[in-house]
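The structure displayed is predicted, hence computed values, not measured ones. Start at 1 and go down the list; that is how both ligands and their atoms are numbered.
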Amino acid sequence: MQLVIDSANIEKIRKLNEYYPIDGVTTNPSIIVKEQKPFLPLLKEIRSVIGEEKELFVQALAEKAEDIVKEARYLRNTLSGNVVIKVPVTKEGIKAINQLKVEGIPTLATTVYTPMNAFLAAKAGADYVAPYVNRIDNLSGNGVNVVSEITQIFLRHNLSCKVLAASFKNVQQIHNVCLAGVHGVTTAPELIEEMIGHPSIEANVKQFKKEWLDLYGEESMNLISTK
Ligand code: E4P
């Protein structure tokens, strides 16, 4: 199961990539705009932080299929390493995904709201679909159910497309899509940090240390140098 950072903030990406088992970085136009920097150097900097192997997801901006395809070729030629092109699941987007499949350019179908959006994208050759869990919830839908149904449809019909669930507002939503069998999640740095945000962990570590110190004393705290 993949864990992907949904951010273009260099410092946050650097820190998370150092501490956690991160598989890649997703961006979208809003996420890039938030950094207020020229976008190509920013994407290159993200690449240099995560290395060449991990996937960097970059969204096409064009609306017509042939222009999306041109942008995808440009991004893949300009950025090094493993670059996946995000394409919204519009009618033109589905056409572009199909064309990019023929050219061997990997895609993630984004702005997925229903299982049928996902089915069409997978049939067209998308490598990933990204259902928007929290945005679906905000429309009085059930984001976790949508993810669960997409996962079941792909499994039942042997579609090799992966479900990378996106748009989370809390760790419980992430937990629930994990249970639903999702292939990966992409989420904001703050939520990745909150995945280990349980007060008992710190309290337990403190108690272990206290009991150890009480018996062996301060000088024994370095296990390696203690005889
Ligand atoms: C990622 O691929 C999506 O663009 C992103 O997760 C959307 O998240 P939001 O609903 O929190 O903006």
**Student:** Could you check whether any heavy atom of Asp6 sits closer than 4.0 Å to an atom of ligand 1, since that is the contact criterion I want to use?
**Tutor:**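 Yes.
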**Student:** Can you tell whether the side chains of Glu18 and Lys15 come within less than 4.0 Å, N to carboxylate O?
**Tutor:**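 Result for this pair is no, no salt bridge flagged.
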**Student:** Under 3.5 Å, side chain of Glu71 to main-chain N/O of Ala62, donor-acceptor pair present?
**Tutor:**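 Checked: pair present.
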**Student:** Heavy-atom contacts with Tyr132 under 4.0 Å: which atoms of ligand 1 show up? List them by number with element.
**Tutor:**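 Listed by number with element: 3 (C), 4 (O).
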**Student:** Between Ala130 and ligand 1, find which residue part has any heavy-atom pair under 4.0 Å and reply side chain, backbone, both or neither.
**Tutor:**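 Neither; no heavy atom under 4.0 Å.
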**Student:** Which atoms from ligand 1 have a heavy atom of Lys169 less than 4.0 Å away?
**Tutor:**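 What qualifies from ligand 1 is 11 (O).
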**Student:** If you count the atoms of ligand 1 from 1 in the order shown, which ones are under 4.0 Å from a heavy atom of Asn28?
**Tutor:**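 The atoms of ligand 1 under 4.0 Å from a heavy atom of Asn28 are 3 (C), 4 (O), 5 (C).
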**Student:** Out of curiosity, Ile68 CD1 to Glu63 CD, how far, rounded to the nearest 0.5 Å?
**Tutor:**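 That separation rounds to 8.5 Å.
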**Student:** Would you please indicate if the ring centroids of Phe57 and Tyr128 are separated by under 6.0 Å?
**Tutor:**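 Phe57 vs Tyr128: aromatic centres under 6.0 Å.
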**Student:** For Ile105, does its backbone N or O pair with a side-chain atom of Arg76 as donor and acceptor, under 3.5 Å?
**Tutor:**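 Such a contact is absent between Arg76 side chain and Ile105 backbone.
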**Student:** Which ligand 1 atoms does Ala166 reach within 4.0 Å, using its non-hydrogen atoms?
**Tutor:**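 Answer for ligand 1: 1 (C), 2 (O), 6 (O).
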**Student:** How close does the nearest protein non-hydrogen atom get to atom 7 (C) of ligand 1, and which residue and atom is it?
**Tutor:**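 Ranked first by proximity to atom 7 (C) of ligand 1 is Arg135 NH2, 3.8 Å.
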**Student:** Hydrogens and angles aside, do Asn117 and Thr114 bring a side-chain donor and acceptor to less than 3.5 Å of each other?
**Tutor:**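 A donor-acceptor contact under 3.5 Å links the two side chains.
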**Student:** Among protein heavy atoms, which lies nearest atom 2 (O) of ligand 1, and at what distance?
**Tutor:**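 Ranked first by proximity to atom 2 (O) of ligand 1 is Lys86 NZ, 2.7 Å.
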